[in-house]
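Worksheet: the structure to be examined is printed underneath.
In what follows, every chain begins at residue 1, and chains take the letters A, B, ... in the order their sequences are listed.
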Amino acid sequence: MQHSASSKIKLLRFLHSIFTTSERAAEQNCLSLLQLCNSLPKLTQLHARLVKVGLHANPLVLTKFTSVSSDLNAIHYASSVIFSPEATPHYYDTFLFNTVFKAYAETDNFKHSAIHYYSVMLSYGIRPNKYTYPFVLKACAGIADLRLGQTVHGLVVRLGFSYDTHVLNTTVHMYCSCKNGIVFGEKLFDEMPKCEPVCWSVMIGGYVRWGMSREAVSLFRRMQIAGVKPDEFTMVMVLSACTDMGALELGRWVESYMEKEKIEKTSQLCNALIDMYAKCADIDKALRLFRNMSESKRTTVSWTSMIVGMAMHGRGLDAISLFEEMRRAGVAPDDVAFIGLLNACRHSALVKEGKRYFDSMINDFGIVPRIEHYGCMVDLLSRAGQVKEAMEFVHRMPIEPNPVIWRTLITACRVQGELNLGERMTKDLIANEPMHESNYVLLSNIYAKMLNWEMKTTVREVMGKKGISKVPGSTMIELDDGIYEFVAGDKSHSQYKKTYDMVDEMEKEMKRAGYVTKTTEVLLDIDEEDKEGALNRHSEKLAIAFALLKTPRGTTIRIVKNLRVCADCHSATKFISKIYNREIVVRDRNRFHHFKDGLCSCKDFW
DNA sequence: CCAATCACGA
């Protein structure tokens with residue numbers, strides 16, 4: 001009997017070991033098969049097999065299944081399996097949920113799903129761990145939901161994960177991604193240990209995101225003083241700040257700093273450099289960098305940066321050749337590349353080419369046009385004087401036109417003299433978007449063209465009564481001793497007296513040369529008698545006057561405006577370039593204007 | 001299964 005019992009146990013052990021070994025072998029087999037799945041059909045096939053061999057409820061296999069499905073841009077497939085009505089929660093674990101969060105946190109437009117499944121996780125009583133929160137916070141950052149982020153942050157503190165540096169850094173990132181959240185980000189940043197570059201990069205990036213580029217640069221200086229070595233992420237953020245401000249000299253310094261510090265030139269960092277040079281007016285340097293980039297590093301982003309750069313400089317044909325070269329190189333253009341290309345056609349009035357590429361985008365590349373693509377086309381047709389075609393185009397659009405498109409059409413109506421139509425469209429627009437300043441400006445301009453001064457005045461009064469806020473025009477200029485910013489009518493500057501004297505002198509010289517003020521461009525809330533004075537205080541005129549005072553004769557003046565340059569300033573700058581014999585390079589919200597000898601590179605088309 | 005980058009748009 002004794003002998004028999006012991007044999008039985010041995011037999012059981014033997015059978016058990018065979019069973020687990022074979023299950024483990026099957027598991028391993030599935031994991032390696034999953035690793036090889038590089039298409040959705042292969043994955044669905046394998047899934048069928050998992051069900052057949054009974055591994056569909058194995059947590060490890062399911063986790064791998066999830067990450068593979070996410071890599072194939074099919075996370076919905078995995079979650080439909082994991083969270084199907086037949087699914088049983090006994091195989092749910094933290095690891096599996098984290099993989100789901102990661103997938104959704106990294107997918108655009110599905111950050112909400114990460115939050116949703118996070119609450120599902122909690123409802124099943126599955127405990128989050130320190131890997132959970134970077135994903136959940138990233139999702140909060142993606143939807144810029146400050147209150148949700150604060151709730152999650154509170155939980156992080158209560159669960160004791162707030163000492164983990166990854167969690168901390170992502171929390172700062174979350175705050176820096178929400179409106180009004182940046183102060184919380186700053187506070188957390190100030191309190192946390194800062195010996196690694198990651199948190200510095202996050203905070204610098206937060207400043208750049210909100211247009212606080214000077215704060216970004218000064219934080220970078222603090223980082224250097226603190227003795228923390230910047231990495232390639234940090235340098236990308238600092239270059240973004242330079243790009244935003246049009247600070248070419250600072251950008252050049254950053255490039256030499258990178259070389260001195262031997263910071264690895266990743267693809268992203270090269271792209272950031274190319275973008276910086278293109279947007280800081282040195283498009284040829286951008287092109288040289290692009291040409292020197294190894295083929296393997298040249299991504300769609302690199303090509304797009306160059307195409308966008310050419311577009312902004314009004315070099316539409318160069319943008320088109322780059323696009324064709326990109327195709328030949330076998331790099332797939334995406335929706336953003338096409339926005340760049342269509343913009344290039346727009347800024348160079350290449351109507352035929354624009355139409356052809358728009359159709360090609362849909363038919364040859366299978367890209368579904370976004371509202372921005374339609375916007376490009378509407379603008380392209382309108383500026384070519386084809387208002388009817390533009391209207392028809394808008395009516396044929398499968399998506400609802402946005403205010404940007406309406407404003408484009410309305411401007412075209414005004415230019416082409418379709419004033420009644422323009423008035424009606426503007427009124428509809430104001431009914432939908434009553435707090436948007438430029439809608440009132442459009443209406444006022446239409447009344448001005450109708451010579452209906454009474455209605456124009458009424459519009460101005462309504463604006464004042466409703467308290468419509470204006471985006472203040474500002475102009476930046478980089479000189480040897482730093483970066484200066486001017487706003488319209490600015491008197492805060494230490495040398496403003498000299499600057500205003502110079503503006504007056506410029507005015508006299510321009511009038512002598514035949515310049516006439518274009519008063520229709522004046523801001524609406526300024527008294528009639530002060531129209532001319534107000535135009536002279538537009539920020540770009542202040543910046544140019546300041547530059548004429550502070551820079552040596554004959555040197556090029558480069559300025560950056562946050563809005564589009566107005567017709568009066570455009571005309572004035574042409575005169576100034578001739579009178580003072582200076583090349584003046586203006587970057588406005590849309591593109592570059594190179595003024596030289598009384599002419600502009602945009603050929604007055606912008 | 002853990003952190004932060006680049007191209008458009010506004």
Checklist entry - Is the shortest distance from a Lys or Arg side-chain nitrogen in K111(A) or D145(A) to a carboxylate oxygen in the other one below 4.0 Å? => result no

Checklist entry - Can the positive tip of R221(A) be found less than 6.0 Å from the middle of the six-membered ring of W253(A), inside 45° of the ring normal? => result yes

Checklist entry - Ignoring hydrogens and geometry, is there a side-chain-to-backbone donor-acceptor pair from W200(A) to K194(A) under 3.5 Å? => result yes

Item to check | R346(A) with E372(A): basic N within carboxylate O range, under 4.0 Å | outcome: no

Item to check | Contact residues, residues 105-134 of chain A to DNA chain B [heavy atom, < 4.0 Å] | outcome: K130(A), Y131(A), P134(A)

Next on the checklist: Just N and O in the side chain of N402(A): are any of them under 4.0 Å from OP1 or OP2 of dG9(B)?
Outcome noted: no

Item to check | Sugar-phosphate, base or nothing in reach of V308(A), heavy atoms under 4.0 Å | outcome: sugar-phosphate

Checklist outcome for this item: Of the candidates dT5(B), dC1(B), dG9(B), the side chain of F135(A) sits closest to dC1(B)

Next on the checklist: dA3(B), OP1 or OP2 - any side-chain N/O from K138(A) closer than 4.0 Å?
Outcome noted: no

Next on the checklist: Please confirm whether the shortest side-chain N or O distance from H166(A) to OP1 or OP2 of dA4(B) is below 4.0 Å.
Outcome noted: no

Checklist entry - NA contact type, V172(A), heavy-atom cut-off 4.0 Å: base, sugar-phosphate, or nothing? => result nothing

Checklist entry - Which one of L322(A), I339(A), V336(A), V331(A) satisfies the side chain to side chain contact (heavy atoms under 4.5 Å, CB included) criterion with T304(A)? => result V336(A)

Item to check | Short side-chain N/O contact to dC1(B) OP1/OP2 from K64(A), under 4.0 Å | outcome: no

Checklist entry - Hey, does D335(A) reach any base, or is it just sugar-phosphate, or nothing, if we go heavy atoms under 4.0 Å? => result nothing

Item to check | For DNA chain B, the residues among residues 279-291 of chain A that have a non-hydrogen atom under 4.0 Å from it | outcome: K279(A)

Next on the checklist: Are the side chains of H56(A) and Y91(A) in contact, using a 4.5 Å heavy-atom criterion?
Outcome noted: no

Checklist entry - If you check the V198(A) side chain, which of dA3(B), dT5(B), dC2(B) turns out closest? => result dA3(B)

Checklist entry - Is the shortest distance from a Lys or Arg side-chain nitrogen in E324(A) or R328(A) to a carboxylate oxygen in the other one below 4.0 Å? => result no

Next on the checklist: Any base atoms under 4.0 Å from V301(A), or only sugar-phosphate, or nothing? Heavy atoms, all strands.
Outcome noted: base

Checklist entry - Counting side-chain heavy atoms from C-beta on, which of dA7(B), dC8(B), dC1(B) comes nearest to K102(A)? => result dC1(B)

Checklist entry - Taking only residues two or more places apart in sequence or in another chain, which ones pass side chain to side chain contact (heavy atoms under 4.5 Å, CB included) with F393(A)? => result F358(A), Y374(A), M377(A), V378(A), L381(A), R396(A), M397(A)

Next on the checklist: Taking the basic N atoms (NZ, or NE/NH1/NH2) and the acidic carboxylate oxygens, is any pair closer than 4.0 Å for D318(A) and R315(A)?
Outcome noted: yes

